[in-house]
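Right, one structure below, let's go through it.
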There are 2 protein chains.
Amino acid sequence: MTSEERGERPPPSRRIADQLRAAIQDGDLRPGGRLPSERELAEAHGTARNTAREAIRILAEEGLVDRRHGSGVFVRERRRALRFGAERYSRRLREKTGLSPYRAELAKQGLLPRVDCVSIQRVVAPTEIAERLRLPVGTPDVVRRENWYYASDGASEHPVQVGVTYVPWPIAEGTPLADSANLGKGSLYARFEERGHRITRSREEVTARMPSHEEARGLNLPTGVPVLEVLHTGIDQAGHPFEVTRFVMRADLAALDYDMAVEETDD
Amino acid sequence: MTSEERGERPPPSRRIADQLRAAIQDGDLRPGGRLPSERELAEAHGTARNTAREAIRILAEEGLVDRRHGSGVFVRERRRALRFGAERYSRRLREKTGLSPYRAELAKQGLLPRVDCVSIQRVVAPTEIAERLRLPVGTPDVVRRENWYYASDGASEHPVQVGVTYVPWPIAEGTPLADSANLGKGSLYARFEERGHRITRSREEVTARMPSHEEARGLNLPTGVPVLEVLHTGIDQAGHPFEVTRFVMRADLAALDYDMAVEETDD
DNA sequence: TAGTGGTCTAGACCACCAT
DNA sequence: TGGTGGTCTAGACCACTAT
């Protein structure tokens, strides 16, 4: 039981945070608007600066405000414009638009996409990946392709997500999958089809967590923003998994959208 | 560009945090294990206690450690045992097990479920809900049912998720949906079928964010744990939406699992 | 009761941003 | 250059947990 639940007065830092939070939620402080400075808050409440600072920190952890060194503290604007759904793997969509699903979604939002293939390596599959690819023991080799996805509004560009794709070596061998950043017309899934693997089912395991230290730096994440982690498994017409991709995406910019038939489950 | 990226030495609080993080990731500090106290860390690094405390705070925000007032700081154990998938709406599964999907999933994990229907009200639908139910203007009334879901390992019980279901008033009127906490055999979807709405498609919009102040308290969430928010729309055999549920779940305990056909999209 | 984290004070200097 | 947040010090007292 917390002090608040017992009806006691919360400590000053909490009370200042509560008051600012209410002002944000009531619209007295508008998105993009600036909060009073730490020194102003401290004086207004008759506390030390550290106490006002603690209040700001509480709000930052909740993802409600952005702190900008040298400028001030601002009410965060909630966007979450990008929605990624299962149709991103649809051949029909691929053939119709000629765009990769990431590019198609950004185009819909009037944003400029950029995808950067930062590495292609032949590695031993991590356990989690090997399980999902049902790799036979003794043949653990996969191609690991790491892609970074950016969005630009014309003025500035932000990283949105990272995707790491694992392909069993026997499937990738001798194809652009094994060594080319540019996969050519139709991209990834067109190349899989040429190897006899047409994506028929998609399994997606979704979790959320706070970013690791490295992810927070790489994705340029403000405090109080979690990441969505999606472990995608592509399954072909024969029911065999042929690729696994782990996406890590900024949860403040991206959302997932699934539309599914319900009675189709066969267990 | 941060000071670290310029090759400068990070400030003492960061360096202490980096060192502890490495110890956790290398396994020198095991899950459940206790970190040195703030006073010990401060002395060991020749800093003020507040500086050591700041280091601990950085790790807490990353979700790596739990702080327990009066006891110490402990390496968080990662569980995430519960997986919720689209098959939870399957009639076949419902009829086979006789269990609600939540109860079935917890039983699989050897946990004891408890579901508490805390309120049933007739309200005006929030915009977001009205849009998804395609409510005609002028008939905005819905039944709002709020359920809390708990899991118990026999010793202690934790809240896992909250689900708020909205049903158009004309569908709920005169049925247990409108006023009964106990929905009877087959629960929610059996009642919908009796009203002529068989769930055929499910749309799920998934996001993640830090919990609100109230959610953090209600779900008893430790710092550094985000929530998954799922906006589920049930669609019947005629293609009409008939219920919307917003789930908010602890991301450290729950995950989502989707298995879908790919080429079925009809746009 | 001893040790822990939670909160606070009243300063200080630094790094960053806008003017 | 003046104002902002970022970090730090060297204390202090309180609230909580375990023994």
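In the text below, chain A, chain B and the rest are named by the order of the sequence lines, each starting its count at 1.
By the 4.5 Å heavy-atom criterion applied to side chains, Leu256(B) and Val206(B) are counted as neighbours.
The environment of CD in Glu43(B) is sparse: at most 12 heavy-atom neighbours from other residues, nucleotides or ligands sit within 6.0 Å.
Residues forming a side-chain hydrogen bond (donor to acceptor under 3.5 Å, both in side chains) with Arg145(B) (at least two apart in sequence, or on another chain): none. For Glu62(B), the side-chain hydrogen bond (donor to acceptor under 3.5 Å, both in side chains) partners are Arg21(B), not counting sequence neighbours. In terms of the salt bridge (charged side-chain N to carboxylate O under 4.0 Å, His left out) criterion, residue partners of Glu229(B) (sequence neighbours excluded) are, by chain and number, Arg209(B), Arg246(B).
A cation-pi contact, defined as under 6.0 Å to the ring centre and within 45° of the axis, is absent between Arg114(A) and Tyr149(A).
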Open item on the list: For nucleotides 5-12 of chain C, give me one character per nucleotide, 5' to 3': B if any protein heavy atom sits under 4.0 Å from the base, S if the only such contacts are to the sugar-phosphate, - if neither.
Closed with: BBBBBB-B
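Where the helix from dT1(C)-dA18(D) to dA18(C)-dT1(D) starts and where it ends, the local axes point in directions that differ by 20°; five pairs per end, rounded to 10°.
Taking the six-membered ring where tryptophan is involved, the planes of Phe247(A) and His232(A) are tilted, since the angle between them lies from 30° to 60°.
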Got a list of side-chain donor-acceptor pairs under 3.5 Å for residues 23-36 of chain A, not counting sequence neighbours?
none

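To the nearest angstrom, P of dG3(C) lies 16 Å from CZ of Phe74(B).
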